[in-house]
Amino acid sequence: MILEIWRDWIRAFDQAFETGDWHTARSFLAEDVVYIVAGAPFACELRGRDAVISGFQKSLSNFDKKFDERRWEAVDVRVWDDHAITAFAKGDYGLNGKPPITFSAKSHWFFRGDEISVMTDVYDLSQVNVQETLQWLATHGGDMDASYV
């Protein structure tokens, strides 16, 4: 059951990214949802649906939307006792005239009923692709800011 809800959440998130309309995506999040990003220079903890949506909007506007190409996929997806999902969220980005970048985070989604109550993205700075992405950003990403707050 939660796998279908999670897949619907991913589609709603992608649609919100494309259209700027977060109404459907909001409906998947518990009012007291917590989103934690760890292991990256933009690490943070956001509490509450409004703060999480606002953080997504900020990060997407100041980072993801600055690229010509953006593709995310979840790999190695696992469902845990019908209340949690883990996966590696892998992103591929392209910007005209610049080398492409790829990086991943270990992601968790915890459910309370049919709503997401906790989400985490944990970046591993020892991974080569994360190191290369940080180097790429230092060289090419002067006006980019992936932070949520």
Side-chain angles (χ1 to χ4, degrees), residues 1-95 100-137 141 144-149:
M1 176 180 164
I2 66 166
L3 186 59
E4 293 81 23
I5 295 169
W6 176 76
R7 286 179 172 150
D8 289 344
W9 153 252
I10 298 297
R11 282 189 287 275
F13 184 93
D14 289 342
Q15 180 181 9
F17 172 75
E18 293 297 328
T19 66
D21 179 358
W22 286 86
H23 178 75
T24 302
R26 286 178 65 82
S27 70
F28 287 89
L29 303 176
E31 183 65 37
D32 61 346
V33 65
V34 176
Y35 177 51
I36 299 169
V37 178
F42 49 90
C44 67
E45 182 175 318
L46 303 174
R47 293 187 167 272
R49 186 184 296 144
D50 290 340
V52 170
I53 294 296
S54 178
F56 283 147
Q57 290 171 323
K58 180 183 185 293
S59 181
L60 294 170
S61 291
N62 295 326
F63 185 76
D64 297 62
K65 289 202 177 264
K66 297 199 180 257
F67 287 89
D68 301 323
E69 298 174 35
R70 172 195 179 269
R71 188 172 74 85
W72 274 95
E73 67 177 315
V75 296
D76 204 15
V77 176
R78 290 187 168 89
V79 177
W80 302 92
D81 296 327
D82 211 33
H83 72 273
I85 291 180
T86 60
F88 279 95
K90 180 177 140 319
D92 296 302
Y93 291 77
L95 185 60
I101 56 174
T102 297
F103 56 92
S104 64
K106 179 70 172 189
S107 299
H108 303 82
W109 297 264
F110 296 91
F111 291 79
R112 186 183 320 121
D114 60 356
E115 293 181 322
I116 299 168
S117 59
V118 177
M119 295 180 289
T120 65
D121 287 325
V122 180
Y123 293 86
D124 182 349
L125 294 178
S126 69
Q127 287 183 325
V128 171
N129 63 2
V130 173
Q131 293 172 7
E132 290 173 344
T133 295
L134 292 174
Q135 291 172 343
W136 186 99
L137 288 169
M144 296 180 181
D145 178 12
S147 66
Y148 295 83
V149 292

How many angstroms lie between [atom1] in [X] and [atom2] in [Y], if you round to the nearest 0.5 Å?
X: W109; Y: M119; atom1: CH2; atom2: CE; answer: 9.0 Å
X: I116; Y: L29; atom1: CD1; atom2: CG; answer: 5.5 Å
X: Q131; Y: S126; atom1: CD; atom2: OG; answer: 7.0 Å
X: I53; Y: H23; atom1: CD1; atom2: NE2; answer: 11.5 Å
X: D68; Y: Y93; atom1: CG; atom2: OH; answer: 13.0 Å

Considering all heavy atoms, the nearest [X]-[Y] contact:
X: F88; Y: S104; result: CD2-OG, 4.4 Å
X: A87; Y: V77; result: CB-CG2, 3.9 Å
X: I2; Y: A84; result: CD1-N, 3.5 Å
X: V149; Y: C44; result: CG2-CB, 4.4 Å
X: W136; Y: L95; result: CH2-CD2, 4.0 Å
X: I85; Y: L3; result: CD1-CA, 4.0 Å

Which residues share a ring-ring contact (aromatic ring centres under 6.0 Å, His included) with F28, sequence neighbours left out: none
ring-ring contact (aromatic ring centres under 6.0 Å, His included) against F17, all qualifying residues, sequence neighbours excluded: none
Can you sort out the partners of [X] under side-chain hydrogen bond (donor to acceptor under 3.5 Å, both in side chains), two or more places apart, ordered by chain and number?
X: T24; result: none
X: E45; result: R47
X: K58; result: D145, S147
X: E73; result: K90

For [X], all residues meeting salt bridge (Lys or Arg N to Asp or Glu O under 4.0 Å), sequence neighbours excluded:
X: K106; result: none
X: D114; result: none
X: K65; result: none
X: D76; result: R78

Verdict with supporting geometry, D50 and R26, side chain to side chain contact (heavy atoms under 4.5 Å, CB included): CA-CA 8 Å; D50 290 340; R26 286 178 65 82; 2.8 Å; yes
H83 side chain vs D81 backbone, donor-acceptor pair below 3.5 Å: yes
Main-chain N/O of Q57 paired with S61 side-chain donor or acceptor, under 3.5 Å: yes
Identify each donor-acceptor pair in which a side-chain atom of residues 7-16 lies under 3.5 Å from a protein atom, sequence neighbours left out, and give them as a table.
| unit_1 | atom_1 | unit_2 | atom_2 | d |
| --- | --- | --- | --- | --- |
| D8 | OD1 | R11 | NH2 | 2.5 |

Donor-acceptor contacts, no H, no angles, side chain residues 30-42, under 3.5 Å, sequence neighbours left out:
| unit_1 | atom_1 | unit_2 | atom_2 | d |
| --- | --- | --- | --- | --- |
| E31 | OE1 | R49 | NH1 | 2.8 |
| D32 | OD1 | R112 | NH1 | 3.1 |
| D32 | OD1 | R112 | NH2 | 3.3 |
| D32 | OD2 | R112 | NH2 | 3.4 |
| Y35 | OH | D121 | OD2 | 2.4 |
| Y35 | OH | Y148 | OH | 3.2 |

Chi angles and distances behind the side chain to side chain contact (heavy atoms under 4.5 Å, CB included) call for F67, I101: CA-CA 11 Å; F67 287 89; I101 56 174; 3.9 Å; yes
